Amino acid sequence: MFYLSKIEHTLPLPAPQLSRPIREAIHTELEKLFLDKVIANLGLCISVYDIKSIEGGFIYPGDGAPTYTVVFNLIMFRPFVGEIMTAKLLSSDADGLRLSLGFFDDIYVPLQHLPSPNEFKAESKNRCRYPYLIFSLNKYTKGTWYWKYEEQSYPVDDSDMIKFRIQNVTYPSIPVEQPKESKPFAPMLVTGSIDHDGLGPVSWWPGQEEDAEEEEEETAAEE
């Protein structure tokens with residue numbers, strides 16, 4: 001889930017930072033540049049772990065800031081395919097589920113990765129008074145998914161933690177333009193699945209609640 005990634009970066013140090021110790025000043029600038037940013041194929045930057053080396057300090061013509069070449073380690077969030085993780089339900093619509101780890105919200109469980117047979121029940125307040133518009137609104141309708149098993153319906157709601165398996169991690173290219181109705185652009189997308197025994201809301205599987213609570217505490221400690 002979390003990795004150390006070694007990076008080399010050329011960094012101009014702004015004049016207001018020159019009164020501080022050099023290592024401290026560069027650490028601050030690196031956090032401004034990388035913290036909470038996604039680096040393609042590396043993941044989401046959680047923190048600057050340490051600085052390995054600092055070289056340079058040259059002032060180039062026309063530039064009043066000294067430039068340094070810095071080698072440092074970043075703590076990156078990058079789940080691997082097949083990993084089992086635990087998250088909270090952020091939203092649910094006819095396309096599937098969106099989950100959150102607290103520090104990362106772009107986790108999606110699409111319809112094809114939900115346990116079957118299943119059923120989606122839309123919120124009544126979203127029903128359309130014009131029948132001919134219902135089809136076009138379906139994919140935007142919020143509601144609750146249910147897994148139907150042995151004549152029982154098990155809801156996927158936000159009352160407990162949800163275990164899921166990582167299916168894919170992608171880094172979409174930045175679009176030139178986006179339709180107004182499209183979802184906000186996410187530089188890293190995680191696709192998950194709950195279509196397997198032991199996955200889904202922990203309340204579906206007796207004895208997993210305590211494990212989920214311990215995992216949540218460990219994740220919070222690592223942050």
Side-chain angles (χ1 to χ4, degrees), residues 1-58 65-91 97-109 158 160-175 183-192 202 210-223:
M1 184 190 304
F2 295 103
Y3 299 85
L4 281 180
S5 291
K6 189 175 182 180
I7 306 290
E8 181 177 313
H9 185 69
T10 301
L11 175 76
L13 194 62
Q17 295 283 5
L18 296 179
S19 61
R20 304 173 61 188
I22 186 66
R23 184 171 291 268
E24 180 182 316
I26 288 178
H27 189 280
T28 298
E29 290 302 306
L30 290 175
E31 286 194 332
K32 289 181 182 178
L33 284 172
F34 293 97
L35 198 62
D36 292 330
K37 303 295 194 303
V38 169
I39 302 176
N41 300 316
L42 290 182
L44 172 69
C45 178
I46 302 298
S47 175
V48 177
Y49 182 72
D50 63 5
I51 296 175
K52 307 301 290 185
S53 66
I54 301 172
E55 297 180 356
F58 305 109
T67 298
Y68 296 88
T69 298
V70 186
V71 178
F72 54 98
N73 284 316
L74 295 177
I75 299 177
M76 308 297 293
F77 166 69
R78 187 177 77 248
F80 59 85
V81 174
E83 182 176 5
I84 303 296
M85 301 180 67
T86 305
K88 292 288 289 184
L89 179 66
L90 191 63
S91 63
L97 312 174
R98 184 179 182 185
L99 308 180
S100 173
L101 293 171
F103 62 90
F104 183 75
D105 296 338
D106 293 311
I107 303 170
Y108 295 90
V109 180
D158 58 3
D160 53 16
M161 302 298 290
I162 297 174
K163 281 194 171 184
F164 65 99
R165 172 180 284 132
I166 304 297
Q167 294 293 116
N168 194 20
V169 180
T170 57
Y171 302 88
S173 301
I174 300 176
K183 296 177 181 178
F185 173 73
M188 182 170 80
L189 290 174
V190 174
T191 302
V202 296
E210 294 182 2
D211 293 341
E213 289 176 1
E214 291 177 1
E215 185 174 339
E216 186 178 14
E217 290 174 359
E218 290 175 1
T219 300
E222 288 173 342
E223 293 176 40

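By convention here, the first residue in the shown sequence is residue 1. Quantities reported herein were computed from a predicted structural model and do not represent experimental measurements.
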Q. Looking only at heavy atoms, what is the nearest atom pair of T10 and P12, with distance?
A. O-CD, 4.0 Å
(Q) Quick check on side chain to side chain contact (heavy atoms under 4.5 Å, CB included): which of I75, D50, L74 does L4 satisfy it with? (A) I75
Q.
Please give me the minimum heavy-atom distance between P172 and P187, naming the atom from each residue.
A. CD-O, 3.4 Å
Q. With a 4.5 Å limit on heavy-atom distance, are the side chains of S47 and Y49 in contact?
A. no
Q.
I need the I7 CD1 to F72 CZ distance, nearest 0.5 Å.
A. 6.0 Å
Q: Inspect the contact between D160 and K88 and indicate whether a charged nitrogen and a carboxylate oxygen are less than 4.0 angstrom apart.
A: no
Q. Do other residues, nucleotides or ligands put more than 12 heavy atoms under 6.0 Å from F185 CZ?
A. yes
Q: Can you spot which of H9, E8, E55 makes a side chain to side chain contact (heavy atoms under 4.5 Å, CB included) with V71?
A: E8
Q | For R78, all residues meeting side-chain hydrogen bond (donor to acceptor under 3.5 Å, both in side chains), sequence neighbours excluded | A | none
Q. What closest approach, in Å, do H27 and V48 show between heavy atoms, and which atom pair accounts for it?
A. NE2-O, 3.5 Å
Throw together a table of side-chain donor-acceptor distances under 3.5 angstrom for residues 29-39, partners on residues two or more places apart or in other chains.
residue	atom	partner	partner atom	Å
E29	OE2	Q17	NE2	3.0
E29	OE2	K32	NZ	3.4

Q: For the pair T191 and Y108, evaluate side chain to side chain contact (heavy atoms under 4.5 Å, CB included) and give the outcome as yes or no after the intermediate values.
A: CA-CA 5 Å; T191 302; Y108 295 90; 5.5 Å; no
Q: Please report the shortest heavy-atom distance between A65 and L13, naming the atom on each side.
A: CB-O, 3.3 Å
Q. Is any side-chain heavy atom of F80 less than 4.5 Å from a side-chain heavy atom of I166?
A. no
Q. Side chain to side chain contact (heavy atoms under 4.5 Å, CB included) between T86 and I162: does it pass, once the steps are laid out?
A. CA-CA 5 Å; T86 305; I162 297 174; over 6 Å; no
Q: Report the C-alpha distance between V202 and K163 in whole Å, list the side-chain angles of each, state the deciding distance to 0.1 Å, and finish with yes or no for side chain to side chain contact (heavy atoms under 4.5 Å, CB included).
A: CA-CA 7 Å; V202 296; K163 281 194 171 184; 4.2 Å; yes
Q: Check Q167 against G192 and note the closest heavy-atom contact, atom names and distance.
A: CG-C, 3.8 Å
Q) Could you state the interatomic distance from CG (L101) to CG (L90), rounded to the nearest 0.5 Å? A) 10.5 Å
Q.
Contact between V190 and F104 at the side-chain level, heavy atoms closer than 4.5 Å - yes or no?
A. yes
Q. What do the steps show when you test I107 against F164 for side chain to side chain contact (heavy atoms under 4.5 Å, CB included), and what is the final call?
A. CA-CA 10 Å; I107 303 170; F164 65 99; 3.8 Å; yes
Q: Can you measure from CD1 (I54) to CD1 (I26) and round to the nearest 0.5 angstrom?
A: 4.0 Å
Q: Answer yes or no: does atom CZ of F58 have more than 12 heavy-atom neighbours from other residues, nucleotides or ligands under 6.0 Å?
A: no
Q | Aromatic ring pairing F103/F2, orientation class (parallel under 30°, perpendicular over 60°, tilted between) | A | tilted
(Q) Nearest 0.5 angstrom please: S100 OG to D158 CG, how far? (A) 11.5 Å
Q) What is the minimum heavy-atom distance between D105 and R98, and which atoms define it? A) O-NE, 2.9 Å
Q: Tell me, please, which residues at least two apart from Y68 pass ring-ring contact (aromatic ring centres under 6.0 Å, His included).
A: none
